[in-house]
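Heads up, the thing below is written out as structure tokens.
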There are 2 protein chains.
Amino acid sequence: MEARHLRYAVALAEHGHFGRAAGELGIAQPPLSKQIADLEREIGARLFERTRQGVFPTAAGEAFLARARRALEEIAAAEVDAGRAARGETGRLRLGFVASALLDPLPGVLSRFGRERPDVRLELHEMATSRSSPALIAGELDVAITLGPPRGAGAEHLVSVPIGRDHVIAVMSTAHPYAGQPSVSVDQLRRQPLIVSAGEDEPAVVAGLRGLLGRDSSALGGASVARDVHTIIGLAASGVGVGLGPSRMRAVPRPGVRFCEVTPGTPLPDLVLSFAARDHSPVLRAFLDTIRGNCPEVGSALDDRLRSRT
Amino acid sequence: MEARHLRYAVALAEHGHFGRAAGELGIAQPPLSKQIADLEREIGARLFERTRQGVFPTAAGEAFLARARRALEEIAAAEVDAGRAARGETGRLRLGFVASALLDPLPGVLSRFGRERPDVRLELHEMATSRSSPALIAGELDVAITLGPPRGAGAEHLVSVPIGRDHVIAVMSTAHPYAGQPSVSVDQLRRQPLIVSAGEDEPAVVAGLRGLLGRDSSALGGASVARDVHTIIGLAASGVGVGLGPSRMRAVPRPGVRFCEVTPGTPLPDLVLSFAARDHSPVLRAFLDTIRGNCPEVGSALDDRLRSRT
DNA sequence: CTTGGCGATACCTCAAAAATATCGCCAAAC
DNA sequence: GTTTGGCGATATTTTTGAGGTATCGCCAAG
């Protein structure tokens, strides 16, 4: 049995007349008669009662038509759904990201993506840089935002693009003596109680600080340690000391604190976006477009990477 | 889009291999490749990813396949449902009947029909003989059991068959003086307080009784009147008098009463089954078969009527 | 009795589904 | 390195069957 039989039976039931139903279907009457006859032979039962007053479904016909209409709806929906999925309007995107990405690029990216693709299910997983690459390679994530490019086995199957430069800045209470300065120097920092992030979560930031303060970083030894930037800012605001962290911290709105550049400027690992080179999913594509629109630093690097992948 | 495309796509997804899917479908590989290509062109999106490791659905393919499977299920169900409806295994039967039919043929008929056709929805309507025929003609009933054949406008479009003869019998308490007799005579009845059914519900029975007792039926004038046979039997059991009613009363199980033939024997109108001559519904057909099996008096009369109708 | 409308039938045409043969590609084996 | 084998795509032919035209048979209305 073919979808044609369903369409013809439904049209015949709607018009109650072979000639008019055939006209509506864009065919002549004899083929319609034949197709209905074939259908009835296949079912093994008369589906329509032909009378002078018109053509009416039998009980078997009614049972058939109910199913036929639903089948046709499913077929139409199959075409629509597949098209929407192909255009990336529906589907799922599993995003792994380091917590600091939540400060700067993610809020804008996510809200914009959610507006542009309301029917895409976003699955967000905050995770350390080191866990993202294996998850991408294993197919457990579709896209990841990490600190620095992915490494480890299978990293060559990933495409990655820097989406945000970063460097160390200081944060302190507005009441702090240095708060009036445009920037603070390393020498000044050495004389301060410092607050830094925990090494395990963001080893790159800690390494950057060590580089900044010099090998003899006795100051770091006595620093307070916080697990995320919100805590660093909170401690700095309460006057415990001067906080050090990624420039991304500026995105946290908080009265009573001041952010300062640190001299000399000390770069931190880039925020990097990566995904499987073989993934051509349209949802991923749409997400990359959103990233490009929201991260000015991306530029044409992403297009280059997309063009050169397998 | 045709059902063929759905079947091919589902088979391809199941086997992950063009050649094997084609084999399973009973076609060669090239036609399958072409049909899938056509389908993808119609949808406007690639539905399957061809890799060295096998053929896998894309996101669009998954969306399509989910709908396709449901559509195919509906199509299969359409065939099954239509077949079942055509064989009268499902559907609806609206039966109008006089109350006295509930005494004798209906209990057996209904329980047997319910066992044989568990998925047919039975709609039972107790109604007076005079209301059944119009309801049949108007299409509000599928079949009716009446006292005597249908009359009135449109009755010629009905087929009717007697399914049970009937005559007047008496019922009395086992303590009654006549209870030991094999039968009671009209003369004996004239000397008794009588209990008869109400005229409006079963005028035919009352007419039969008047004929039995003679024109000068003063006895009837003073009779007690009950609206149904159960009341007649109940009153007779309590010794109020002798009840008169259709022989069908015997079917009511009740200790403490005795049923007697009345001499001379007085016929009552036949119980008649009728239905629309143009109704060829298989459910009706099945019901007629059950009637035939349960009512020995029907014999071949029903077959004759079925054969001769339009 | 005739006419007209409707569905079925007969027959033909042609599009397209499927079969056969072959190609191109890539990975694994030698 | 070359070869081989497996797989999907392509080219070409064959065949099926969907659809078109002409016509029939039937019945009800005029």
Side-chain angles (χ1 to χ4, degrees), chain A residues 1-58 60-61 68 72 75 156-157 277-278 280 309-310, chain B residues 1-43 45-58 60-61 68 72 75 154 156-157 277-278 280 309-310:
Chain A
M1 193 185 320
E2 287 298 330
R4 174 172 15 88
H5 295 115
L6 311 186
R7 283 189 281 264
Y8 288 7
V10 167
L12 180 56
E14 274 176 5
H15 291 89
H17 187 285
F18 275 81
R20 276 189 286 278
E24 199 69 27
L25 289 166
I27 62 173
Q29 169 258 317
L32 177 58
S33 285
K34 181 173 190 311
Q35 292 299 318
I36 296 293
D38 289 349
L39 178 60
E40 289 178 326
R41 194 176 38 71
E42 182 174 354
I43 299 283
R46 178 141 285 222
L47 298 179
F48 292 95
E49 199 65 41
R50 286 82 157 165
T51 74
R52 299 294 138 198
Q53 290 74 33
V55 179
F56 304 97
T58 62
L72 291 174
I75 291 175
E156 67 274 15
H157 295 125
R278 64 178 320 160
H280 290 74
R309 67 180 164 165
T310 49
Chain B
M1 194 185 320
E2 287 298 329
R4 182 185 46 259
H5 296 115
L6 311 186
R7 282 190 281 266
Y8 288 6
V10 168
L12 180 55
E14 274 176 4
H15 291 88
H17 187 287
F18 275 80
R20 277 190 285 278
E24 199 68 26
L25 289 166
I27 62 173
Q29 169 258 316
L32 177 58
S33 285
K34 180 173 191 314
Q35 292 298 317
I36 295 293
D38 289 349
L39 178 61
E40 290 178 327
R41 194 176 38 72
E42 182 173 355
I43 298 283
R46 177 142 286 220
L47 298 180
F48 292 95
E49 199 64 41
R50 286 81 155 167
T51 74
R52 304 296 140 199
Q53 291 74 33
V55 179
F56 304 97
T58 61
L72 291 174
I75 291 175
E156 67 275 14
H157 295 125
R278 63 179 321 162
H280 290 76
R309 68 180 160 160
T310 47

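Protein chains get the first letters and strands the later ones, always in sequence-line order, with residue 1 at the start of each.
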*Identify, with sequence neighbours excluded, every residue that meets side-chain hydrogen bond (donor to acceptor under 3.5 Å, both in side chains) alongside B:Arg50.*
B:Glu40
*Less than 4.5 Å apart, any side-chain heavy atom of B:Leu25 and any of B:Leu32?*
yes
*After noting the C-alpha distance and the side-chain angles of A:Ile27 and A:Gln35, does the key distance pass the side-chain contact (heavy atoms from CB on, under 4.5 Å) rule?*
CA-CA 11 Å; A:Ile27 62 173; A:Gln35 292 299 318; 5.9 Å; no
*Name every residue in residues 47-55 of chain B that has at least one heavy atom under 4.0 Å from any atom of DNA chain D, in order of residue number, or write none if there are no such residues.*
B:Arg50, B:Val55
*List in numerical order all residues of residues 20-46 of chain A for which some heavy atom is under 4.0 Å away from an atom belonging to DNA chain C.*
A:Gln29, A:Pro30, A:Ser33
*Donor-acceptor contact present, side-chain B:His280 to main-chain B:Arg278, <3.5 Å*: yes
*side-chain hydrogen bond (donor to acceptor under 3.5 Å, both in side chains) with A:Thr58: which residues, sequence neighbours excluded?*
none
*Do B:Glu2 and A:Arg7 have side-chain heavy atoms sitting under 4.5 Å apart?*
yes
*Contact interval (first through last nucleotide) of DNA chain C with protein chain B, 4.0 Å heavy-atom*: C:dA17 to C:dA27
*asked:* With a 3.5 Å distance limit and no angle check, can you tell me whether B:Glu49 reaches the backbone of B:Val55 through a side-chain donor-acceptor pair?
replied: no
*State, with a plain yes or no, whether a side-chain heavy atom of A:Leu12 is found less than 4.5 Å away from one of A:His17.*
no
*asked:* Could you work out, with salt bridge (charged side-chain N to carboxylate O under 4.0 Å, His left out) as the rule, every residue matching A:Arg41, not counting sequence neighbours?
replied: A:Asp38
_So A:Ile36 and A:Tyr8, do their side chains get closer than 4.5 Å, heavy atoms only?_
yes
